[in-house]
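Owing to the predicted nature of the structure, the values given are computational and were not obtained by experimental measurement. Below, all heavy atoms of this structure are taken into account, side chains as well, without hydrogens, waters or symmetry copies. Lettering of chains follows the sequences in order, A, B, ..., and the numbering in each one begins at 1.
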Protein chains: 2
Amino acid sequence: MQAAVLEKAPPNRPTVVLRSVPRSSPQLSRATLACSNCGMRSQCVPSGMRNEDMSEIDQMVTSRRRIRRGEHVYRAGDPFIGIFAFRTGFFKSYAESEDGRTHVTSFEMAGDISGFDGIEDGHYTQNVIALEDGEACTITFAQVDSVSTRVPGLQHYLFRVMSREIVREQGLMMLLGTMRAEARVAHFILDLARRFAARGYSSTEFNLRMTREEIGSYLGLKLETISRLFSRFQDEGLIEVQGRAIKLVDLPALHELAGEHA
Amino acid sequence: MQAAVLEKAPPNRPTVVLRSVPRSSPQLSRATLACSNCGMRSQCVPSGMRNEDMSEIDQMVTSRRRIRRGEHVYRAGDPFIGIFAFRTGFFKSYAESEDGRTHVTSFEMAGDISGFDGIEDGHYTQNVIALEDGEACTITFAQVDSVSTRVPGLQHYLFRVMSREIVREQGLMMLLGTMRAEARVAHFILDLARRFAARGYSSTEFNLRMTREEIGSYLGLKLETISRLFSRFQDEGLIEVQGRAIKLVDLPALHELAGEHA
DNA sequence: CGCCAACTTGATGGCTGTCAAGTCAGGTGG
DNA sequence: CCACCTGACTTGACAGCCATCAAGTTGGCG
């Protein structure tokens, strides 16, 4: 399944070969679960994490779970059990309001972590659903408690990951609050490119895993606006789009539009 | 100074009498600093925090700092030293982008906490400035480390506060991404009312501490739009506004506009 | 082959931004 | 005490960006 997904998305073939992983066996060995053996480690763990601390982090990951396209990792209102670190696949998080509005708050890929919204009152407030088959490592908070009292480095790790999430959301708030549609879309494309690059995929040619509507929801725009801007960017020679396949052509111009450095 | 501020803002007189506090003496006793003696405790600490854990939390607060109107608590780029719990005063947090855009991400009042944006890379990414004279308790992260290895309840506390911040930001993203101007403004007014109420102030009559421009920045709107909507809400009998004094008249209608329950 | 979701593109309208001209309130100095 | 000044606010006129509505087109899949 994982391989099939990659085949359907030729431009996203990894340029770095990642360790292949056994499929959802009911009981995985501690070594197999270990973060220190995980190809996605560099994504999960903030830079600067010491190697000595990795074995401590390994102790938290208790299980791995296979999630199919369309299946929820968790839903708003579910009791909080812990956080999820994605190993493969592609996911979206979204919130729903009382009156039925919906808003995509993030797209998760390998190495990203979800679930911090559930800590405060013991229930998740968001929904996370797979856009593509994948696997999630489960880190239950019961584990966190027992391990982290013995291990000071561990809480540091979690503080940093949560801090990163807070900063990420602040960036999105600025995008939603101050940027025009074309800047939002340019920013979105470049952000995806960076994230693919960080995982060893091409940063200039990749496949979108989400619909125009989901992009629009994420960026506070309508799907028609996304479609129109993709077309316009293509006319202007910034990108090439065909369906969900995107190729970045004029990176400086995209950065310019997104309001980044130069 | 604190009293003077309240005198200038008659509708905000507390309906609950709060303990008076000695002014910024250079060295405060541990008992004076203690959270367990603080009138704002119910705001800082998430509900459900056990009393036994309070003494542990007390150990983290190392100093208290007086901040005058217009003075920064910290700025983007400053080295991270810890988090700040506000005791009195009124503050705003804002982010600045490379190309000069600015966006207000939150307004802080007594019991709120700032500074989590600085954990990840060791530098704050936001700016926090006082809109009104106040005091901030400083919780250095050096303290957190040494205390929390002895005390498991402490990290729980911080996880919950950070989780609350993440959920808060997700709510704001939905507001910025899906709500129309009138809904944003109604939501803003009601949110302020709730927060004043939680601190023992009137929830139907209070003074804004920020300019129309700051409200606009927070809500992703222009100051003229804020002004116009305040005027319109007044014409429609939802509120009464005079300058920064606001009185909520038709709460059901405001909730309706904000898209909340009924 | 036909269906359906996803996507594209056009026409139109409205919400909100922009520009502009005041008004108001608080603070300062004469 | 009053004139003046400045920042904050209000209000009007207009424009433009993006949403809305509508009608196709495409591509994947049964």
Out of dC18(D), dA13(D), dT20(D), minimum distance to the side chain of Arg228(B) belongs to dA13(D)

inquiry  = With heavy-atom distances below 4.5 Å as the criterion, would you say the side chains of Leu229(B) and Phe188(B) are in contact?
reply    = no

Of Arg184(A) and Gln242(A), the one whose closest nucleotide on DNA chain D sits nearer the 5' end is Arg184(A)

Q. Any side-chain heavy atom of Ser106(A) sitting closer than 4.5 Å to one from Arg168(A)?
A. yes

Quick note, Ser227(B) side chain, CB onward, closest among dA6(C), dT11(D), dT9(C) is dT11(D)

Measuring to OP1 and OP2 of dA5(C), would you say a side-chain N or O of Arg212(A) lies under 4.0 angstrom away? no

message = Does Glu213(A) have more than 12 heavy atoms from other residues, nucleotides or ligands lying within 6.0 Å of its CD?
response = no

Which of dT11(D), dT20(D), dC18(D) is nearest the side chain of Lys222(A)? It is dT20(D)

Taken to the nearest 0.5 Å, the spacing of Leu172(A) CG from Leu172(B) CG works out to 12.0 Å

To the nearest angstrom, the CE-P distance between Met210(B) and dA8(D) comes to 14 Å

With Phe107(A) as partner, the option from Tyr218(A), Phe86(A), Phe91(A), Phe196(A) fulfilling ring pair (Phe, Tyr, Trp, His ring centres under 6.0 Å) is Tyr218(A)

Separation of dA19(D) atom C1' from Leu219(A) atom CG, nearest Å, is 15 Å

From the candidates dC9(D), dC18(D), dA20(C), the one with an atom nearest any side-chain atom of Glu224(B) is dA20(C)

Arg180(B) atom CZ is separated from dG17(C) atom P, nearest whole Å, by 13 Å

To the nearest angstrom, the CG-C1' distance between Leu223(A) and dC18(D) comes to 13 Å

Leu229(B) CG to dG17(C) P, in whole Å, measures 9 Å

Taken to the nearest whole Å, CZ/Phe233(A) to C1'/dT9(C) is 17 Å

| Is Thr225(A) touching bases, backbone alone, or none of the nucleic acid, heavy atoms closer than 4.0 Å? | sugar-phosphate

Glu213(A) CD to dA19(D) P, in whole Å, measures 12 Å

Between CD of Glu182(B) and C1' of dC15(C) the distance, given in whole Å, is 10 Å

(request) Report which part of the nucleic acid Gly220(A) touches: base, sugar-phosphate, or nothing (heavy-atom distance under 4.0 Å, all strands). (result) sugar-phosphate

